[in-house]
Amino acid sequence: EVPDLLGIAGLAGDAGLVAMIDNTFASPVNFRPLEHGFDVELHSATKYLNGHSDIVAGAILGSASFVREAAVKLAHFGASLDPHACFLLERGLKTLPLRVRQQNANALALARALDSHERVKRVHYPGLELHPDHIRATTLFAGCGGVLSVELHGDAQDADRFMRRLKLAAIAPSLGGVETLVTRPATTSHAGMTAEARAAAGIPEALVRVAVGIEATADLVHDFTRALAE
């Protein structure tokens with residue numbers, strides 16, 4: 001889903017509240033919240049900003065006064081990124097626009113290919129024209145990002161077999177790296193919920209999350225359609 005982000009920022013501003021947003025999935029390439037009324041922008045720099053799945057880091061963006069306050073808190077708690085991780089993050093930032101644009105293109109191509117496949121029940125990706133938030137997404141964002149989810153016909157075992165048949169994609173719960181990763185949310189991000197709560201939240205057992213990398217688009221589409229056909 002793509003919420004009414006401009007409305008949220010406007011509501012917070014009118015009420016004198018701090019509008020804070022986690023922009024990890026979009027990255028600054030696709031969306032720049034501070035230009036749209038948000039006060040604070042958060043990132044898991046482990047993901048797209050770094051892009052190589054080899055550090056754990058975070059970033060806070062906002063006014064100078066807010067960042068200074070955050071820096072004081074970080075100093076008190078002892079949170080400090082080591083020099084080598086800083087180097088790796090700086091290295092990753094140099095290729096951020098190139099990577100994200102390729103991930104946007106790969107995710108859209110893969111979403112379209114899977115959306116028409118007979119073994120796929122539903123694809124969730126706002127870049128698809130029939131997605132309920134497509135117009136809002138294409139208005140707000142330069143691209144719809146590299147993460148989509150796929151509901152397969154069948155059960156959890158069918159989804160697990162599909163993931164194991166993939167050759168290019170690895171089974172892992174992270175995102176934002178140069179490699180494509182797949183995971184089943186029922187066993188990772190939402191494993192702490194009951195099956196009933198997951199179903200009520202729209203997370204079926206056969207849902208597969210795909211965090212798309214920068215592989216050649218045709219190779220990626222072929223890998224997924226081949227795994228579905230086997």
Side-chain angles (χ1 to χ4, degrees), residues 1-5 21-27 30 44 46-48 53 56 103-134 136-137 141 143-215 217 219-230:
E1 295 178 353
V2 181
D4 182 4
L5 298 176
I21 184 171
D22 187 330
N23 197 37
T24 297
F25 275 64
S27 88
N30 288 330
S44 170
T46 306
K47 311 300 193 298
Y48 288 101
S53 305
V56 175
Q103 286 162 319
N104 288 340
N106 277 352
L108 181 58
L110 187 59
R112 286 173 172 166
L114 296 179
D115 195 43
S116 59
H117 199 284
E118 60 182 10
R119 291 198 59 195
V120 173
K121 183 178 181 181
R122 188 176 294 110
V123 175
H124 301 279
Y125 186 67
L128 293 176
E129 289 76 7
L130 294 181
H131 189 282
D133 298 324
H134 175 70
R136 178 179 289 164
F141 306 145
C144 289
V147 178
L148 59 130
S149 60
V150 184
E151 291 184 44
L152 301 179
H153 288 293
D155 55 20
Q157 288 71 35
D158 293 313
D160 287 336
R161 282 192 292 269
F162 160 69
M163 291 192 296
R164 288 195 297 268
R165 287 193 293 261
L166 292 166
K167 302 296 184 184
L168 285 180
I171 300 175
S174 192
L175 61 112
V178 294
E179 63 286 310
T180 294
L181 304 176
V182 293
T183 184
R184 197 158 59 82
T187 63
T188 52
S189 58
H190 295 75
M193 299 169 64
T194 65
E196 293 76 16
R198 285 195 297 268
I203 305 167
E205 297 298 308
L207 181 73
V208 176
R209 191 187 78 176
V210 184
V212 179
I214 64 170
E215 299 90 348
T217 306
D219 290 348
L220 197 61
V221 170
H222 173 73
D223 189 38
F224 276 73
T225 53
R226 176 201 51 76
L228 283 171
E230 289 183 357

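All residue numbers in this chain count up from 1 along the given sequence.
- Side-chain atoms of Thr180 come within 3.5 Å of backbone atoms of Gly213 as a donor-acceptor pair (strictly under, hydrogens ignored).
- Ion pairing between Arg136 and Glu1 fails under the 4.0 Å rule for side-chain N and carboxylate O.
- Note that CG of Leu108 and CG of Leu148 are 10.0 Å apart. Values are rounded to the nearest 0.5 Å.
- Note: Lys167 NZ to His222 NE2 = 10.5 Å, rounded to the nearest 0.5 Å.
- Between the side chain of Arg226 and the backbone N or O of Arg165, at least one donor-acceptor pair lies under 3.5 Å.
- Here the closest non-hydrogen pair linking Val56 and Thr46 is CA-OG1, 3.2 Å.
- Atom CG of Leu181 sits about 12.0 Å away from atom CG of Leu168, to the nearest 0.5 Å.
- The pair Asp115-Arg112 does not meet the salt-bridge criterion, since no charged nitrogen lies less than 4.0 angstrom from a carboxylate oxygen.
- In this structure, CD in Glu151 is found 4.5 Å from CZ in Arg122, a value given to the nearest 0.5 Å.
- Counting only distance, with no hydrogens or angles, the side chain of Arg209 and the backbone of Pro185 share no donor-acceptor pair below 3.5 Å.
- Across His117 and Thr225, no two heavy atoms sit closer than the pair NE2-O, 4.1 Å.
- Under 3.5 Å, the side chains of His153 and Glu118 contain no donor-acceptor pair of N or O atoms.
- Although no hydrogens or angles enter the test, the distance criterion places no donor-acceptor pair under 3.5 Å between the side chain of Asn30 and the main chain of Phe141.
- When every heavy atom of Arg198 is checked against every heavy atom of Ala191, the shortest pair comes out as NH1-O, 3.9 Å.
- Side chain of Tyr125 to main chain of His131: no donor-acceptor pair is present (N/O by atom type, distance under 3.5 Å, no hydrogens or angles).
- With contacts defined as side-chain heavy-atom distances shorter than 4.5 Å, the pair Leu152/Val120 qualifies.
- No side-chain donor-acceptor contact under 3.5 Å links Asn106 to the backbone of Val212.
- Residues Val150 and Phe224 form no side-chain contact, since every pair of their non-hydrogen atoms from C-beta on lies 4.5 Å or further apart.
- Asp158 places no side-chain N or O within 3.5 Å of a backbone atom of Ala206 that could act as its donor or acceptor partner.
- Here the side chain of Gln103 pairs a donor or acceptor atom with the backbone of Gly177 at under 3.5 angstrom.
- Counting only heavy atoms from C-beta outward, the side chains of Glu205 and Asp155 never approach each other to under 4.5 Å.
- Counting heavy atoms from C-beta on, the side chains of Val123 and Leu114 come closer than 4.5 Å.
- Closest heavy-atom contact between Ser174 and Ala211: O-CB, 3.8 Å.
- With hydrogens and angles disregarded, a donor-acceptor distance shorter than 3.5 Å links the side chain of His134 to the backbone of Pro126.
- Atom CD1 of Ile203 and atom NE2 of His190 lie 3.5 Å apart (nearest 0.5 Å).
- What you find for Thr24 and Tyr48 is that their closest heavy atoms are O-CD1, 3.3 Å.
- Taking both residues in full, the closest heavy atoms of Arg184 and Leu207 are given as CG-O, 3.2 Å, listed atom of the first, atom of the second, then distance.
- Note that CZ of Phe25 and SG of Cys144 are 14.0 Å apart. Values are rounded to the nearest 0.5 Å.
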